[in-house]
Amino acid sequence: MTEIAIAINNVSKCFKRYANPADRLKELLLPGTVKAKEFWALRDVSVKIPKGKTIGIVGRNGSGKSTLLQIIAGILTPTRGEVQAQGRIAALLELGSGFNPEFTGRQNVFFNGQLLGLSYQEIEARYDAIAAFADIGDFIDQPVKTYSSGMFVRLAFAVATSVEPDILVVDEALSVGDEAFQRKCFARIQAIKDRGGTILFVSHSPTSVVSLCDSAILMDRGELLLVDSPKLVIAKYQELIYAPADKAQAIREEICTLHKSSQPDNVLPLTRTKDQNKVVLNSSLKLPGIREFYDPEMIPSTTISYKSRGAKIIDPRITTLDGTVVNHLINRQEYIYTYSVTFSKATDKVRFGMLIKNPSGLEIGGASFATQSQSIDQIEPETLVVMQFRFKCLLHPGLYFLNAGVSGIVDGDFTYLARSIDAAMFRVKPETESCGTGTVDFLIEPSIRITYDLVKAESEPEMKAI
């Protein structure tokens, strides 16, 4: 039986909005005498989060993500419903929450640590480790009101994770830290996960969600739209936020329908959802002398296309340099990724792009017309454009997916005109025996030196390639 770390049951949260501060005071003194507008930040949210998993929460600003985390952390009380959490919770939410700005960093370590449930003696025993992780030097003895936002989050994260929480809740706070500190934080998060901790965090970074999370939640307008694999949730989130205004509601309803069919009991998947693409190899195509080949059965079942805003992407495929269509590639060889775009509206400043991802959705690399100097000034309706991206396949053997996108100015707005996620897929085969690991082939050529005469080795080093 799955052990549940957090059970959220029909949680709703309503905030009252008053015309002026005096009305708020009247309501406190004489309840029911002032009529206030109601704003429902959350509506009937239900989800069960398994123990020991990392869960990402995505959604537009104002979708209810932070409100949900604050209710889980016990900072807010739900208007309706309940949250049941198993174990100690440490939360890193708004910058400075739980810190007294007049206290020094050292004083706030002890103050905040006791709020998190540690005794004075326990905090004292961990203080050196906390200070070392925060790495803010002498500022630890200065009032925190003098801290930069980065110093704030360094100290807050160091304290929050020092209590060895069973559940760690993080709300975008890590985005203010520098790259070196973010690497430390992610290593600490992984350590919490490795010892069985549950991690819940809000992020607007698709790469972070896909690479760190076991599952993800999509929120919109205070409602939970989808719980599923990070790859699917991010794809649907991006489809929703880039949808034309007149198509957004239909896409929202499609996502809700998908959620009801895929996770009817609202229990998040225990592990990453495995890729559902079934690759059937036609052995008759593997003839002697043929290096690359095309398998007609190798078609992605996870393709998601944005609603058109004046353009349509058609026929995405990979070819050899002589134009032969292939989807089984040889690493270290050159190919062309190509797709066509038909335009139905006049469009200005048109840009094109492509992206290669692994099966979990992690972005490996790509290319785009990133600047106005690279864009096409104007394209008229009924125009066909063929895009080609020549690339060297420096990837280790495995399965990969391709995106295609086109953006531009339509009706005064710069936006995606069309985008296709998992538009095509390909498999990489090894050219030669390789000692390379990971995803990217860096063309590493290791060498080794073996000697039994240390004096000679220092004067005449001899290297032999493997």
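What you see is a predicted model; the values in this text were computed from it and never measured.
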Notebook entry, point to check: Should the ring pair Y306 and Y242 be called parallel, tilted or perpendicular, given that the plane angle runs from 0 to 90° and is split at 30 and 60?
Noted result: parallel
Next item on the list: Might you confirm whether atom OH of Y18 has over 12 heavy atoms from other residues, nucleotides or ligands at distances under 6.0 Å?
Entry: yes
Note to self: With a 3.5 Å distance limit and no angle check, can you tell me whether T207 reaches the backbone of S205 through a side-chain donor-acceptor pair?
What the structure shows: no
Next item on the list: Verify, without hydrogens or angle tests, whether T198 (side chain) and G52 (backbone) share a donor-acceptor contact under 3.5 angstrom.
Entry: yes
Note to self: Over 60° means perpendicular and under 30° means parallel, so tell me whether F352 and F369 are parallel, tilted or perpendicular.
What the structure shows: perpendicular
Note to self: If you count heavy atoms of other groups shown closer than 6.0 angstrom to CD of Q249, is the number above 12?
What the structure shows: yes
Next item on the list: Might you work through the side-chain contact (heavy atoms from CB on, under 4.5 Å) test for V144 and M151, ending with a clear yes or no?
Entry: CA-CA 9 Å; V144 297; M151 293 165 65; over 6 Å; no
Item checked: Lys/Arg N to Asp/Glu carboxylate O, D166 vs K51, below 4.0 Å -> no
Note to self: Quick check for you: to the nearest 0.5 Å, what is the distance between N10 atom CG and D44 atom CG?
What the structure shows: 5.5 Å
Item checked: Reported CZ-to-OG distance for the pair R154 and S149, which is rounded to 0.5 angstrom -> 11.0 Å
Next item on the list: Answer yes or no: is there a side-chain heavy-atom contact under 4.5 Å between Q388 and T319?
Entry: no
Next item on the list: Test the K13-F15 pair against the cation-pi criterion, namely NZ or CZ under 6.0 angstrom from the six-membered ring centroid and within 45° of the ring axis.
Entry: yes
Next item on the list: Drop me the distance from K429's NZ to N331's CG, to the nearest 0.5 angstrom.
Entry: 11.0 Å
Item checked: Contact check, side chains of P206 and Q238, non-hydrogen atoms, under 4.5 Å -> yes
Notebook entry, point to check: Looking at V209 and S203, what are the two nearest heavy atoms and their distance?
Noted result: CG2-CB, 4.1 Å
Note to self: Looking at K193 and D214, is there a salt bridge between them, counting it only when a charged N and a carboxylate O are closer than 4.0 Å?
What the structure shows: yes
Next item on the list: Check S344 against A311 and note the closest heavy-atom contact, atom names and distance.
Entry: OG-N, 4.3 Å
Note to self: I'd like to know whether N327 forms a side-chain contact (heavy atoms from CB on, under 4.5 Å) with R427, so could you lay out the CA-CA distance, the side-chain angles of the two residues, the decisive distance to 0.1 Å, and finally the verdict.
What the structure shows: CA-CA 6 Å; N327 55 18; R427 186 177 292 280; over 6 Å; no
Notebook entry, point to check: Side chain of Y339, backbone of N403: donor and acceptor closer than 3.5 Å?
Noted result: no
Checklist line | Within-4.5 Å side-chain heavy-atom neighbours: C393 and V428 | finding: yes
Margin query: Are the side chains of T342 and T383 in contact, using a 4.5 Å heavy-atom criterion?
Written below: no
Notebook entry, point to check: Going by an N to O cut-off under 4.0 Å, is there a salt bridge joining R309 and D413?
Noted result: no
Notebook entry, point to check: Between Y337 and A404, what is the shortest heavy-atom contact and its length?
Noted result: OH-CB, 3.5 Å
Note to self: Before you tell me yes or no, could you show the steps for D411 and K345 under side-chain contact (heavy atoms from CB on, under 4.5 Å), namely the whole-Å CA-CA distance, both residues' side-chain angles and the distance that decides it to 0.1 Å?
What the structure shows: CA-CA 10 Å; D411 300 328; K345 288 185 178 181; 4.0 Å; yes
Next item on the list: Please confirm whether the backbone N or O of V386 pairs with a side-chain atom of S340, one donor and one acceptor, at under 3.5 Å?
Entry: no
Margin query: Given 3.5 Å as the limit, does a donor-acceptor pair link the side chain of S308 with the main chain of G310, or not?
Written below: yes
Next item on the list: Quick one: closest heavy-atom pair of I444 and P446, and the distance?
Entry: O-CD, 3.5 Å
Next item on the list: Taking the side chain as every heavy atom from C-beta outward, state whether L232 and T302 have any pair of such atoms under 4.5 Å apart.
Entry: no
Item checked: Whether T338 side chain and M387 backbone form a donor-acceptor pair below 3.5 Å -> yes
Check: How about I356 and M354: do any of their side-chain heavy atoms sit closer than 4.5 Å?
Finding: yes
Margin query: If you define the side chain from C-beta out and look only at heavy atoms, does anything of D23 sit under 4.5 Å from K16?
Written below: no
Item checked: R188 to F157, cation-pi by 6.0 Å centre distance and 45° axis angle -> no
Item checked: Plane angle bin for F99 and F152 - parallel if under 30°, tilted between 30 and 60°, otherwise perpendicular -> tilted
Next item on the list: With side-chain contact (heavy atoms from CB on, under 4.5 Å) as the test, would you mind laying out the steps for R351 and S375 before giving the verdict?
Entry: CA-CA 5 Å; R351 306 178 189 180; S375 62; 3.6 Å; yes
Note to self: For the backbone of T324 and the side chain of D322, can you confirm whether one donor and one acceptor N or O come within less than 3.5 Å of each other?
What the structure shows: yes
Next item on the list: Run the salt-bridge test on K65 and D171 with the 4.0 Å N-O cut-off and return the result as yes or no.
Entry: no
Check: Once you round to the nearest 0.5 Å, how far does CE of M219 lie from CG of L42?
Finding: 5.0 Å
Next item on the list: Using atom types as modelled and distance alone, determine if a side-chain donor or acceptor of R252 lies under 3.5 Å from a backbone N or O of D220.
Entry: yes
Next item on the list: First locate atom CD1 of I318, then atom CG of L329, and finally report the distance between them rounded to the nearest 0.5 Å.
Entry: 5.0 Å
Check: Where is the tightest heavy-atom contact between T320 and I336, given as atom of each residue plus distance?
Finding: O-CD1, 4.5 Å
Next item on the list: Nearest 0.5 Å please: distance from the CD1 atom of I57 over to the OH atom of Y237.
Entry: 12.5 Å
Next item on the list: List the atom of C14, the atom of E38, and the distance in Å for their closest heavy-atom pair.
Entry: SG-CB, 3.6 Å
Notebook entry, point to check: Within a strict 4.5 Å, meaning less than it, do heavy atoms of the E334 and K392 side chains meet?
Noted result: yes
